Protein chains: 2
Amino acid sequence: MAEFESPLVTIDVVILTLREGQLQVLLMRRGAEPFARWWALPGGYIHPEEDADLDAAARRILLAKTGIRTPYMEQLQAFGDGQRDPRGWTATFAYFALIASDALVLKQGANAEEVAWWQIKGKPVELAFDHARIVAAAVSRLRSKVEYTSLPAHLLPPKFTLPDLQKVYEQILGRQLDKSAFRKRMAEAAFLEPVAGEKRPASNRPAQLYRIKRGRGTIFFDRTL
Amino acid sequence: MAEFESPLVTIDVVILTLREGQLQVLLMRRGAEPFARWWALPGGYIHPEEDADLDAAARRILLAKTGIRTPYMEQLQAFGDGQRDPRGWTATFAYFALIASDALVLKQGANAEEVAWWQIKGKPVELAFDHARIVAAAVSRLRSKVEYTSLPAHLLPPKFTLPDLQKVYEQILGRQLDKSAFRKRMAEAAFLEPVAGEKRPASNRPAQLYRIKRGRGTIFFDRTL
DNA sequence: GTAATAGTGTCTGTCAGACAGTATGTG
DNA sequence: CACATACTGTCTGACAGACACTATTAC
């Protein structure tokens, strides 16, 4: 078997959140060439000595660049070709993370590099490399999974109410859902547990708080929403 | 940004088919170290000069090793860590292909290397690297997609009958399906077209032949089977 | 009491699965 | 004709969505 030169490989992470009712991505401004000063996905190289595997490398990069330990991360897709990077044939392992909108607010200032949330909807910012395509793939993955999984629950803080959760689904799907049917689905899926005794106070009937049950991965509903 | 040594990357292809009512994988016996003489997935290196992108590289490798142009191939998942290859930290872009059981029979003898179909069920052969895990991931992907996609149609030759297709679904799902309901689903999904005039002859009522409509990708049913 | 939102009960049209019945070929 | 398998029609129970009703808090 002949030895071919291995292409340069990187890891990039698409971090999505829901802010002000809109889906947003976390972007960083690049310092170095190529694409210096362009906005790009947080990413980096694999460190063979430190990283046990690809997932660990993705988690390390995310933590180093943003200070976030995300509650949900999955491998999105690999992208590789001769055009995406002017330095030659490269490939990237793209990851896909969801976080609660308020999880990053405090940490953001701590990092020296320029970091910002960008709206998915509307005028697309021009991104470095093929990152626009990677973001599009992540959004499309999220949108398709919303219909039949519990994934959007990771866009909320650890404790939340059922009306909160329903709003998240509605914002991503872009349509209203029936309250009764929605609650039936969530109850059947059995991935939530009430936080005993706790209620969210309000000047009306307060809502029960829930959290995702321990050890529950993403739940696939047997019917679509 | 410091330059880290890029890990060695490869591409491996899990080719699945249905033979004798069983799901089977295509394996090849390795010639070179590491894992010389072990059974492994067909795979190879990226050739930056030849391969436009990852998908093209996977197609080239598949064609070179087996003579197959598969009708269906998708990226499965990337696997990378420090243990899977004794040479050090490596990663592989795993692909997932489905072919009709009779598509390879003739070509197989043409290739000098030892190639064979192995049953998924029963005693698992010990595979080189982490290929057992990759095969398991591919099978699990197929099984989960069978429930709500038209994917299994690619396990059949270009022309087939609805009873053929139903048998494929039943074999993978491991349970009987209602004929009437099954045909309703396929009709709704509208990804098949009758081959005009052609019927499969038999000593009973012959079945209508169908083929997958041009330009139809994998169809997601709106309900589970 | 009113206002506001949380949470539940009920009713109805639709539809999936079960199954029986019809169609079309061979010999 | 019998037989085998392809294909279709019908009936029924279950259930999703619509929507109305009740519950619980603050003021």
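Everything numeric here is computed off the predicted structure, so don't read it as measured data. Below, chains carry the letters A, B, ... as their sequence lines are ordered, and counting in each starts from 1.
The ring pair (Phe, Tyr, Trp, His ring centres under 6.0 Å) search around B:Tyr95 returns none, not counting sequence neighbours. The side chain to side chain contact (heavy atoms under 4.5 Å, CB included) search around B:Gln22 returns B:Gln24, B:Gln119, B:Lys121, not counting sequence neighbours. Qualifying ring pair (Phe, Tyr, Trp, His ring centres under 6.0 Å) partners for A:Phe160, counting only residues two or more places apart in sequence or in other chains: none. Every residue meeting the ring pair (Phe, Tyr, Trp, His ring centres under 6.0 Å) condition with B:Tyr169, not counting sequence neighbours, appears here in chain and number order: B:Phe182. Looking at residues two or more places apart in sequence or on another chain, you find no side chain to side chain contact (heavy atoms under 4.5 Å, CB included) involving A:Ala136. For B:Arg141, the side chain to side chain contact (heavy atoms under 4.5 Å, CB included) partners at least two apart in sequence or on another chain are B:Glu74, B:Leu76, B:Phe96, B:Lys145. Residues that satisfy the ring pair (Phe, Tyr, Trp, His ring centres under 6.0 Å) test with A:Tyr148, not counting sequence neighbours, are A:Phe220.
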Summary of protein contacts for nucleotides 16-26 of chain D, nucleotide by nucleotide, where a base hit scores B, a sugar-phosphate-only hit scores S (4.0 Å, heavy atoms): SBBB---BBBS
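For the salt bridge (Lys or Arg N to Asp or Glu O under 4.0 Å) condition, the pairs that include at least one residue of residues 205-214 of chain A, sequence neighbours left out, are A:Glu193-A:Arg211. Residues in residues 147-164 of chain A take part in these salt bridge (Lys or Arg N to Asp or Glu O under 4.0 Å) pairs, two or more places apart or across chains: A:Glu147-A:Arg175, A:Lys159-A:Glu198, A:Asp164-A:Arg200.
In this entry the distance linking CD of B:Gln208 with C1' of C:dA23 reads 14 Å, nearest Å. A:Phe182 places its CZ atom 12 Å from the P atom of C:dA6, with the value rounded to the nearest Å. The distance from atom CE of B:Met186 to atom P of C:dA16 is 13 Å, rounded to the nearest whole Å. Per the geometry, CZ belonging to B:Arg183 stands 8 Å off P belonging to D:dA6, to the nearest Å.
Counting heavy atoms from C-beta outward, A:Asp130 and A:Gln83 have side chains that stay 4.5 Å or more apart.
Sorted by residue number, the list of members of residues 149-173 of chain B with any non-hydrogen atom under 4.0 Å from DNA chain C is empty.
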Pair assignment for DNA chain D - dot-bracket with | for other-strand partners, Watson-Crick or G-U under 3.5 Å: |||||||||||||||||||||||||||
